[in-house]
Amino acid sequence: MSTSDPFYASASTDQVAQEMLGMLLTYQSPKGLVGGWIVETEAYLGQLDSAAHAFKGRRTASNEPLYGPPGTVYIYSIHGRYLLDVAAQAKDVPQGVLIRAVEPFIGKEIMLKNRAKTGFDLTNGPGKLMEAFGISDKKMNFEIFGDNSKLDIHKHRKKIPQMIETSNRIGVSNQGDWAGKPLRYFVKGNPFVSGMKKRDMDLDHFGWR
DNA sequence: ACGCAGATCCACT
DNA sequence: GTGGATCTGCGTG
């Protein structure tokens, strides 16, 4: 995905978050290529969104990548983990999409070595997928997916969700109106979605069409 | 210095 | 399946 690609800027951030479901996320890691299908995302809508890092225009060294052009890598840390975001709007419009879970597709063996977990637990959470990928710092901040970065989101290599499900966002501390907005999107039935209950899993097709 | 955050793990119902 | 403990980096005082 290149800088000039209008994909991000042409759509609202919540639309982008939905369209990213089924796209392939890859990372050229030192140990080899790893990657997976994006199955869960969340949209964060900037200065008005009380759950967003840029709420009220907050702008610090660590959330600065959110203000970058569409496709900017935004990695931040919480609870000792690292999470992966994409800036989704034009430069200086601090809206982003959090990638919360992927279905492993490339380099599964590498991911299994990076993480002490197997099965769906390998990548069914935002911190888990980063650990599986072997990313444990913020060095790639400000890079552009697929342009000058080892991280890439393949727009055209896409799986099609049978159905996209929504919910409120996970772990947002703020109790404002925004905490309950349905800005989390996931592939219905995909077992790699965080917190997916066994009885809701579609083990035949993983929720893909 | 201090306190908490866009989470995870594990020991228990 | 779920609640509580614990993980560090960063923002605020």
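Lettering follows sequence order; numbering is per chain, from 1.
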Quiz question: by atom type and distance under 3.5 Å, do the side chains of A:Glu131 and A:Ser136 form a donor-acceptor pair?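 Per modelled atom types, A:Glu131 and A:Ser136 side chains form no pair under 3.5 Å.
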Under a 3.5 Å cutoff, is there a donor and acceptor pairing between the side chains of A:Thr72 and A:Glu143?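 Short answer, no.
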Salt bridge or not for [X] and [Y], using N-O below 4.0 Å?
X: A:Glu42; Y: A:Arg169; result: no
X: A:Asp92; Y: A:Arg59; result: yes
X: A:Asp202; Y: A:Lys188; result: no

Starting from [atom2] on [N], measure out to [atom1] on [X] and report it in whole angstrom.
X: A:Ile75; N: C:dC10; atom1: CD1; atom2: C1'; result: 16 Å
X: A:Asp137; N: C:dC10; atom1: CG; atom2: C1'; result: 16 Å
X: A:Asn141; N: C:dG9; atom1: CG; atom2: C1'; result: 13 Å
X: A:Met201; N: C:dG1; atom1: CE; atom2: C1'; result: 13 Å
X: A:Phe120; N: C:dG1; atom1: CZ; atom2: P; result: 13 Å
X: A:His53; N: B:dA7; atom1: NE2; atom2: C1'; result: 12 Å
X: A:Glu42; N: B:dA7; atom1: CD; atom2: C1'; result: 12 Å
X: A:Ile78; N: C:dG9; atom1: CD1; atom2: P; result: 13 Å

Base of B:dG6, side chain of A:Tyr76 - is there a donor-acceptor contact under 3.5 Å?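 By the distance-only test, yes, there is a pair.
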Starting at the 5' end of nucleotides 8-13 of chain B, put B wherever the base has a protein heavy atom under 4.0 Å, S where only the sugar-phosphate does, and a dash everywhere else. SSS---
Does OP1 or OP2 of C:dG1 have a side-chain N or O of A:Lys198 closer than 4.0 Å?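 Answer no for this pair, as no side-chain N or O of A:Lys198 is under 4.0 Å from OP1 or OP2.
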Distance-only, no hydrogens or angles: does the A:Asn114 side chain make a donor-acceptor pair with backbone N or O of A:Ala132 under 3.5 Å?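 Checking the backbone N and O of A:Ala132 against the side chain of A:Asn114, a donor-acceptor pair under 3.5 Å is found.
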Mind running side chain to side chain contact (heavy atoms under 4.5 Å, CB included) on A:Val86 and A:Leu98 for me, showing each step along the way? CA-CA 7 Å; A:Val86 195; A:Leu98 167 64; over 6 Å; no
Who does B:dC4 pair with, Watson-Crick or G-U, both distances under 3.5 Å?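 Partner of B:dC4: C:dG9.
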If you look at every heavy atom in A:Gly46 and A:Ala52, which pair is closest and at what distance?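 Looks like O-CB, 3.7 Å.
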At a cut-off of 3.5 Å, list every protein nitrogen or oxygen paired with a nitrogen or oxygen from nucleotides 11-13 of chain C, distance to 0.1 Å.
unit_1	atom_1	unit_2	atom_2	d
C:dG11	OP1	A:Thr60	OG1	2.8
C:dG11	OP1	A:Ser62	N	3.3
C:dG11	OP1	A:Ser62	OG	2.5

Closest to the A:Ile170 side chain: C:dG9, B:dA7, B:dG6?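 So the nucleotide nearest the side chain must be B:dA7.
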Any idea which of C:dC7, C:dG1, B:dG6 is nearest the A:Val172 side chain?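 For the A:Val172 side chain, the nearest candidate turns out to be B:dG6.
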I'd like to check, for A:Tyr44, whether its ring lies over the base of B:dG6 with centroids under 5.5 Å apart and a plane angle smaller than 30°.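 Yes, A:Tyr44 stacks on the base of B:dG6.
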What is the ring orientation for A:Trp37 with A:Trp208, classed by angle as parallel under 30°, tilted 30 to 60°, or perpendicular over 60°?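 A:Trp37 and A:Trp208: perpendicular rings.
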